[in-house]
4 protein chains.
Amino acid sequence: MAPVTRQSAPDPNRRNEQSRAAILTAAAELVAELGFAKLTIEKIAARAGVGKQTIYRWWPSKGAVVFDAFLAANENASGSLALPDTGDLGEDLRTLLRLTALELADPAFDRTGRALTAEVLTDPALLAEYRERLLDPLLAVTRDRLRSAREAGQLRADADLDLAVELLYGPLHYRWLHRLGPLDAGYADQVVAAVLGALGPAGD
Amino acid sequence: MAPVTRQSAPDPNRRNEQSRAAILTAAAELVAELGFAKLTIEKIAARAGVGKQTIYRWWPSKGAVVFDAFLAANENASGSLALPDTGDLGEDLRTLLRLTALELADPAFDRTGRALTAEVLTDPALLAEYRERLLDPLLAVTRDRLRSAREAGQLRADADLDLAVELLYGPLHYRWLHRLGPLDAGYADQVVAAVLGALGPAGD
Amino acid sequence: MAPVTRQSAPDPNRRNEQSRAAILTAAAELVAELGFAKLTIEKIAARAGVGKQTIYRWWPSKGAVVFDAFLAANENASGSLALPDTGDLGEDLRTLLRLTALELADPAFDRTGRALTAEVLTDPALLAEYRERLLDPLLAVTRDRLRSAREAGQLRADADLDLAVELLYGPLHYRWLHRLGPLDAGYADQVVAAVLGALGPAGD
Amino acid sequence: MAPVTRQSAPDPNRRNEQSRAAILTAAAELVAELGFAKLTIEKIAARAGVGKQTIYRWWPSKGAVVFDAFLAANENASGSLALPDTGDLGEDLRTLLRLTALELADPAFDRTGRALTAEVLTDPALLAEYRERLLDPLLAVTRDRLRSAREAGQLRADADLDLAVELLYGPLHYRWLHRLGPLDAGYADQVVAAVLGALGPAGD
DNA sequence: TGGTAACCGAGACGGTACGTCGAGTCTTGGC
DNA sequence: GCCAAGACTCGACGTACCGTCTCGGTTACCA
């Protein structure tokens, strides 16, 4: 697993793996305890039992460290990034969006998720990394499920899969970000129904 | 136009209007020049020719100042927050979303918009203010247009208007935030078509 | 009492006298405890209960602070910089040089004195300050005593007073600095005898 | 030529002579370019093309390296440490002190000399080394010249030679260190005259 | 119509964290 | 086992801003 953004020079494999792990662990703990804004490089270094320079040597910014910590934790989990495929598209999408809504609604995720989103929003390099390592794989897997549904005749032949994906995730994300309302199973089902209504086979 | 959040005590109307304006102007300029992260209260004060205390007296945080500056600039514009109503819902929504897409795609808006979104994302008080003064009015006005369309039979009688609004704005916002693809008229039209397909009168 | 070297800008009498005193006291204590080399600005600030910036605002270097502390302590003492004048030059000079030798031999003075000398040696600005505030007055007062002795016929009419002063203090300083031998009353008396032998009235 | 102070363990004669020379050369160059204070072990190592550890292995401190470099350069020169002996003490001493004054007045020597003196002043081990390898031989040779003069009746029989030596070098050093006045032939002659006046054969 | 109280510009203050430098130690790979 | 290279922990550097706190000075309301 590579760091978020390579510093220009320093890098062979002389890197100390213990330090790297301690830093990511400390960053993860501290961002949960303090929030991103009150987090400092000095505190990460102290908690990790590491010199500040060792952080600056391998990461370009506080955001990059926290981000790397987040990805390191989530990449394994979503290694088994397998969507359900029962043959019933509606059921599978409801399962998917209900889980998504559940995660967004989880207060534990909320703090970290907002901090990360704020970073990613602002720093193009972090966004690229985030896309590459988390978001794009998720969207791809979703698109795949939709494609097989389209081939099975459960979506219109001319359905635009990118659009479909964004119609699914966009409204949830929008509601979450602006706290427009509850993120529950009912809402997930509504969104799925709308997407199926829009892109489902003609008569639906 | 009131400041974002009132400091506890100090505020008669002895407030110096020139200072207030100079501060907001300076904040707007500096956030454009430096970005939000490199902006500091001291720089705002220096640029505005104002003592730091004058800022701390009237605003609780850097975010609040910048935010106030942003709102001061945008509130007037959207004072005439009137959606088109030609009678043809599809046409009106296409106009609305095309304009929205255009704004999001504007590089000048991008930097400021991302900075503000990052702040709003992280600070609940700012989010509340943002909701109250910009977002909610926009959503309300959109919902109103949809309601009149529903009454005119251009939407299903049981169409959920909140859902409809989020189906319209959510995908655009999602695509913008993650830079998933171009934000152009074509995409706006696709989203509108999908929403009409989902919530339009039964046979569509 | 002015600081060693004025920083360019920060100006007036807005200066906090309490902080100034606390800094000088802390510096004096710490240089005695740790020696000059192990002394740091951070430790001075911590001991004085003062922000680092307050030190950097008013002094250009660690050396300048310590130096100011030293001068502040010694200027008062030598305010009564009065040499004995019994009418007997030999006796008066022996008294003077014995005291000087005693001070140089004092281990408490040794550490501070060497640290200060090393600083003064290396930094022309500090040397100028040291000359102006401590050394020149001492030399002047010594020269005055010699002048009155010359007028009284206890020195040759053509005796060079600057030379005389350096003949008195130079050997003591040289012996002290290089630890060439004991600095005691006997040595002081020898030096005085030599100077009187060289510059005393012809027949002596 | 041995290093200033031996590190405890490592020293067989497996030592790399090329590295040693490169380090001393680099140190000498850098102390001239940057002065002692801005000199660092890392810069010496970089300039010499040597690992830091190689310096730490053989020298205990920055001061020791620079000092070793200084001695390495000066020991050869003063290997032929021979004072003139024309039979005329006054002439010989004038020659000696004029040369000494000239060296002290040389701006090129001034920087290095002050840096070294400051180190030697502060570090007892360096002072011992300096005494042993440079100063004591010089003083001894001077003392020898005075002794032969005393035996030739050019000094009083009871003249204290240590005192005489310090009377000669002390004033010059004192004037140099505190920049009290010009260090020229005239001043050298004055000092010599005074010493001869004080310690010369009875009648003058 | 003068007091007086608040705002205001300015900027010093005690702090926290920054990002960099160098110290001295340790590890790796080459000779 | 010395060496070049350089990563490591640690501590201090000097700077930037934080948010608080005086300082005059200048309004603007009240007696």
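Below, chain A is the first sequence line, B the second, and so on; all start at residue 1. Note that this is a predicted model, so its numbers are computed, not measured.
- Taking every side-chain heavy atom of D/N16 into account, F/dC3 is the closest of E/dA12, F/dC3, F/dC8.
- Remark: B/R57 is in phosphate contact with E/dC8, judged by side-chain N or O atoms under 4.0 Å from OP1 or OP2.
- For DNA chain E, the residues of residues 25-48 of chain D within the heavy-atom distance limit of 4.0 Å (strictly under) are D/T40, D/I41, D/E42, D/K43, sorted by number.
- In this structure, NZ of A/K62 is placed 17 Å from P of E/dT16, rounded to the nearest angstrom.
- For the side-chain contact (heavy atoms from CB on, under 4.5 Å) test with A/N16, the passing option among A/Q18, A/R14, A/R20 is A/Q18; the others fail.
- Side chain of A/Q53, nearest nucleotide from E/dC21, F/dG19, F/dA16: E/dC21.
- Note: CD1 (C/I55) to P (F/dG14) measures 11 Å, nearest angstrom.
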Name every donor-acceptor pair, under 3.5 Å, that has one atom in a side chain of residues 23-35 of chain B and the other anywhere in the protein, sequence neighbours excluded.
from: B/T25; atom 1: OG1; to: B/A21; atom 2: O; distance (Å): 2.9
from: B/E29; atom 1: OE1; to: B/R47; atom 2: NH1; distance (Å): 2.5
from: B/E33; atom 1: OE1; to: B/R47; atom 2: NH2; distance (Å): 2.9
from: B/E33; atom 1: OE2; to: B/R47; atom 2: NH1; distance (Å): 3.2
from: B/E33; atom 1: OE2; to: B/R47; atom 2: NH2; distance (Å): 3.4

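- Between E/dT27, E/dC8, E/dG11, one nucleotide has an atom nearer to the side chain of B/W58 than all others, and that is E/dC8.
- Rounded to whole Å, atom P of E/dG9 lies 11 Å from atom CZ of B/R15.
- C/F70 and C/F109 have tilted rings, their planes meeting at an angle from 30° to 60° on a 0 to 90° scale.
- Considering only side-chain atoms of B/S19, the nucleotide from E/dA23, E/dG9, F/dT27 that sits closest is E/dG9.
- In this structure, the CD atom of D/Q18 is 11 Å from the P atom of F/dC3, given to the nearest Å.
- Look at OH on D/Y56: it is 11 Å from P on E/dG22, rounded to the nearest Å.
- A 4.5 Å side-chain heavy-atom check between D/W59 and D/I41 finds every atom pair outside the cut-off.
- Base contact: A/T54 has a heavy atom under 4.0 Å from a base atom.
- Separating the CZ atom of B/R14 from the P atom of F/dG25 is a distance of 18 Å, rounded to the nearest angstrom.
- Atom CZ in A/R20 sits about 19 Å away from atom C1' in F/dT9, given to the nearest Å.
- Residue whose closest nucleotide on DNA chain E sits further toward the 5' end, between C/E17 and A/K52: C/E17.
- A salt bridge does not link D/R114 to C/D123: none of the charged nitrogens lies less than 4.0 Å from a carboxylate oxygen.
- Taking every heavy atom of both residues into account, C/K62 and C/F36 meet most closely at NZ-O, 3.1 Å.
- No side-chain heavy atom of B/K52 sits less than 4.5 Å from a side-chain heavy atom of B/T40.
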